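Keep in mind that what you see is a predicted model, and the values were worked out from it rather than measured. Values reported hereafter were calculated over all heavy atoms of this structure, with side chains retained and with hydrogens, waters and symmetry mates removed. Order of listing sets the numbers, starting from 1, for every ligand and every atom in it.
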Amino acid sequence: MKVKKIGIIGAGQMGRGIAQVSSQSGFETLLFDLNEEILQDSKNRISAQLQKDLSKGKTSEEAITKAKSLLQTTTDLKKMHDMGLIIEAATENKSIKFKIFKDLSEICSPKTILASNTSSISITEIAAQTKNPTQVVGMHFMNPVPVMKLVEGISGLETSPEVFKAVEEVAIAMGKTFVKVRDIPGFAVNRVLMPMINEAIFALYEGISTKEDLDTAMKLGTNVPMGPLELADFIGLDTCLSIMEVLHEGLGDSKYRPCPLLKQYVAASRLGRKNKRGFYDYP
Ligand code: CAA
């Protein structure tokens, strides 16, 4: 099962990053979004990122020309029909993802591999929306995709071993390290990372320290590039909340309850860097 053409659903932060890495890795890449303006913006941002890499000597003019020629965009989902692999990177919302997989399963060849970049929704449940659950798999990239080396590979209950192997090969061809994890809420990264972020929010809520000091303590005390509150803003507070809710509901343990302060920030539309206001302001 050799993948040559990759379709990507959703031109947000994650979809854009996956499209950049996919085209830079030599795959014919088709990026879909409902909104033409978002697609244009994505192409501009990818172009700017490639130019930045060029100025640092991390890529060449030829490689950029090749990557750009391999990257196409569309607002027509039907154009996905002949892709070898489709990576869905839409909003982290069950009903949106279920509808996309249902539609793709109607549109695509039975051989097309359907992967989701979901950060926490069950791959088995997503696969159950399709005609052929053996072709459905999880491929969880980290943000920012061009920088982060990890892809979590999640095998649903019905995922075929050939499909799993094929996405592992794609991840490796993209220069990533692939780890296999079970289809359990949060998979591996978010099972560990999100409760840590949630606990940092509880620490702020309880007045243990200021947000700046909590972040400094974790950055200097555990040698991570961002403190947990800064990282929550980077990921998006709505995404953090939705992952905590999946952990809480899926694992049924009160230790995963989202901190009331996190809920309050999301209710106030303080979503983090994406809308310039989270725990910190981004003027
Ligand atoms: N796209 C491409 N490259 C980027 C980038 C982007 N969006 N953002 C930063 N970079 C590159 C920069 O160009 C720079 O490259 P060089 O080293 O070659 O110069 C490098 O990354 C470092 O960037 P900066 O110097 O601008 O800034 P920094 O040193 O503060 O690093 C960071 C920025 C890479 C984001 C770093 O802070 C970091 O690694 N943070 C933690 C990120 C993290 O934990 N991500 C995982 C989140 S969890 C997740 O994604 C899963 C989920 O489901 C929620």
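Residue, atom and distance of the protein heavy atom nearest to atom 9 (C) of ligand 1 are Val147 CG2, 4.2 Å. Of the protein's heavy atoms, Met148 CE, 3.6 Å lies nearest to atom 43 (C) of ligand 1. Counting protein heavy atoms only, atom 6 (C) of ligand 1 is closest to Pro144 CB, 3.5 Å.
Contacts of Asp53 with ligand 1, taken as heavy-atom pairs under 4.0 Å, are absent altogether. When heavy-atom distances to ligand 1 are checked against a 4.0 Å cut-off, Leu193 comes that close only through its side chain, counted from C-beta outward. The backbone and the side chain of Asn143 each have at least one atom closer than 4.0 Å to an atom of ligand 1 (non-hydrogen atoms only).
If you check each of Met226, Met142, Arg16 against atom 51 (C) of ligand 1, the one with the closest non-hydrogen atom is Met142. Among Lys58, Glu230, Lys56, Lys219, the residue whose heavy atom sits closest to atom 18 (O) of ligand 1 is Lys58.
Comment: Lys97 engages Glu88 in a salt bridge, judged by a side-chain N to carboxylate O separation of less than 4.0 angstrom. Taking the charged nitrogens against the carboxylate oxygens, Lys180 and Glu168 have no contact shorter than 4.0 Å, which rules out a salt bridge.
Ligand 1 is approached by His140 to a heavy-atom distance shorter than 4.0 Å.
On a distance-only criterion, Thr239 and ligand 1 share no N/O pair closer than 3.5 Å. At a 3.5 angstrom cut-off on N or O pairs, Asn190 counts as close to ligand 1.
Aromatic ring centroids of Phe234 and Tyr282 lie 6.0 Å or more apart.
Geometrically, Lys79 does not engage Phe32 in a cation-pi contact defined by less than 6.0 Å to the ring centre and at most 45° from the axis. Cation-pi geometry between Lys211 and Tyr280 is satisfied (NZ or CZ under 6.0 Å from the ring centre, within 45° of the ring normal).
Between the side chains of Gln72 and Thr29, not a single donor N or O lies within less than 3.5 Å of an accepting N or O.
Of all heavy-atom pairs between Ala90 and Ile96, the closest is CB-CG2, 4.3 Å.
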